[in-house]
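For the numbers below, each heavy atom of this structure counts, side chains included, while hydrogens, waters and symmetry mates do not. Being a predicted model, the structure only gives us computed values, none of them experimental.
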Amino acid sequence: MSEQSRGTGRIRGTGSRRRKPTRRHRTKVVAAWTVAGVVVVGGAGLGYAYMALDGNLSSIDIDAKLGADRPDDVDDGSQDILVLGSDSRSGDNGEYGQDEGAARSDTAMVVHVDKGHKSASVVSIPRDTLIERPACESDTTGDLVPAAHRAMFNTAYEVGGPACAVKTVESMSGIRMDHYLEVDFTGFKKLIDELGGVEITTKTAINDSKSHLDLEPGTHTLNGEESLGLVRTRKSVGDGSDLGRIQLQQAFIKALMEQTKSVGVFSSPKKLFGLADAATKAITTDSGLGSVKKLTGFANGLKGLGADNVHMVTLPVEYDPADPNRVLPQEKAGRQVWAALKNDRPIPASATEKSAGDKGDAAEVVE
């Protein structure tokens, strides 16, 4: 069976979908953006409970696994972080379904924070993007897994775990990832509920039988379960594809960032501890962020960022003519995106204007 055909169909331009998307994929997506938002704008207050929270964190030594064959480590004050959500069914994740083999990364974002830590660019990589996957060491056996042509992006995590996911992103972008952050999506609902919900305004009605979300136009405060429903929504917004759903999720994470700043997180020790406890239980980091002290120091450098300072795009892609459930990177436009990040510049609008990822129109549903 080919690398391309092994994944569940998600993206659709024309033609039929192979299999209906499962709840575990949709819920995990939200957790990635939720924890990213909490760490970026709420993480600075974690420090008061180092000892109580350190035991919650899991970490991986990405540098040791990848060695020296990586892009240069540019020490100019900027930061590049790979934020990943995996679909493992282990532990409490079992409530979202049973394991179907190795876990995969269904959500991936490259977060670039500029050298002044005043703005950030986020590039979402669709899971079904067909890429040149580099050779990686197996995360389970230690054997070398050969490079693959037209492999789905999310198979990198499947065959080689976090280190292979980082290696693949670095191969695609030419940019060294300073940090890695992986999310356990079962902690998502608790994070949102600890936060007191997330306020969003819908411009149009959302009535999606698949995600069980029914919202009239207007302002709503969504609890954890409702927030899961929002980011699971696909059929009733945009073009009905995962590309449109990514836009919806990007709108949600911006709302989350604003909410984190406005609910008194820093003035309420009880609220802060509950949120920090949920967040640290939900994430796995690289060893550079593998303690609350390290995570707090990192987040302290980002606390000035707000939703207005974060520019979110989807990697420029086009539907694969051979398979409408897959997408291909637009090479020239993609080079523009990665060059902007590498040179610490804003991503030019021209880089994404012809991308299928900009045609979902789901971003117009939520403000």
Side-chain angles (χ1 to χ4, degrees), residues 29-30 32-43 74 76-85 107-126 129 169 172-179 181 198 200-201 203 231 238 242-261 298-299 301-317 327 329-330 332-367:
V29 170
V30 154
W33 278 319
T34 298
V35 175
V38 168
V39 169
V40 167
V41 302
V74 179
D76 64 355
S78 65
Q79 295 277 334
D80 293 284
I81 308 103
L82 176 60
V83 179
L84 223 61
T107 302
M109 299 180 298
V110 175
V111 181
H112 174 84
V113 182
D114 77 349
K115 60 185 178 183
H117 291 199
K118 301 297 185 183
S119 64
S121 297
V122 179
V123 182
S124 296
I125 304 175
T129 306
V169 170
M172 294 170 63
S173 66
I175 299 170
R176 186 186 180 106
M177 295 296 106
D178 297 294
H179 292 297
L181 181 66
V198 174
I200 60 115
T201 298
K203 299 180 182 179
V231 298
D242 246 17
L243 296 176
R245 184 158 51 198
I246 286 175
Q247 291 183 330
L248 187 61
Q249 292 156 352
Q250 290 173 346
F252 177 84
I253 192 63
K254 287 202 170 188
L256 172 66
M257 292 178 71
E258 289 302 311
Q259 189 74 3
T260 305
K261 286 190 169 183
F298 170 72
L302 309 181
K303 63 184 179 181
L305 288 174
D308 291 342
N309 311 117
V310 178
H311 180 212
M312 307 185 85
V313 302
T314 301
L315 180 70
V317 293
V327 292
Q330 293 181 331
K332 182 178 179 180
R335 286 195 296 270
Q336 286 184 279
V337 169
W338 300 130
L341 269 56
K342 190 172 185 177
N343 294 292
D344 202 37
R345 298 196 308 263
I347 297 171
S350 60
T352 59
E353 63 185 5
K354 295 182 179 180
S355 170
D358 265 12
K359 293 178 172 57
D361 296 328
E364 299 302 317
V365 175
V366 173
E367 63 179 1

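Ser121 places none of its side-chain heavy atoms less than 4.5 Å from the side chain of Val313. Residues Pro346 and His311 are not in side-chain contact: their nearest non-hydrogen atoms beyond the backbone lie 4.5 Å or more apart. His117 has its side chain out of reach of Leu305: every pair of non-hydrogen atoms, C-beta onward, lies at least 4.5 Å apart.
Between the OG atom in Ser173 and the CG atom in Leu82 there is a gap of 9.5 Å [rounded to 0.5 Å]. Rounding to the nearest 0.5 Å gives a distance of 7.0 Å between CE of Met312 and NZ of Lys254. With rounding to the nearest 0.5 angstrom, the OG1 atom of Thr352 is 9.0 Å from the CD atom of Gln336. Atom-to-atom distance recorded for Asp114:CG and Arg345:CZ is 13.0 Å, nearest 0.5 angstrom. Here the CG-CG distance, from Leu302 to Asn309, works out to 11.5 Å after rounding to the nearest 0.5 Å. To the nearest 0.5 angstrom, Thr314 atom OG1 is 9.5 Å from Gln249 atom CD.
The shortest heavy-atom contact between Gln250 and Ser124 is NE2-OG, 3.1 Å. Smallest separation of non-hydrogen atoms from Leu315 and Met172: CD2-CE, 4.0 Å. In this structure, Ala333 and Ala351 approach most closely via the heavy-atom pair CB-O, 3.1 Å. Looking at every heavy atom in both residues, Trp338 comes nearest to Ile175 through O-CD1, 3.5 Å.
For Lys342, the NZ atom counts as loosely surrounded, since its 6.0 Å shell holds 12 or fewer non-hydrogen atoms of other residues, nucleotides or ligands.
Formation of a donor-acceptor pair under 3.5 Å by the Ser355 side chain with backbone atoms of Val317 is found in this model. In terms of modelled atom types and a separation under 3.5 Å, the side chain of Asp76 and the main chain of Ser78 share a donor-acceptor contact. Proximity of a side-chain donor or acceptor of Asp178 to a complementary backbone N or O of Asp80 within less than 3.5 Å is detected.
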Given Gln79 and Val111, is the side-chain contact (heavy atoms from CB on, under 4.5 Å) satisfied, shown in steps? CA-CA 8 Å; Gln79 295 277 334; Val111 181; over 6 Å; no

Would you sort out whether Ile347 and Leu341 count as a side-chain contact (heavy atoms from CB on, under 4.5 Å), showing the intermediate values? CA-CA 7 Å; Ile347 297 171; Leu341 269 56; 3.6 Å; yes

Do Val113 and Ile81 pass the side-chain contact (heavy atoms from CB on, under 4.5 Å) test, and can you show the C-alpha distance, the side-chain angles, and the key distance before you say yes or no? CA-CA 8 Å; Val113 182; Ile81 308 103; 4.2 Å; yes

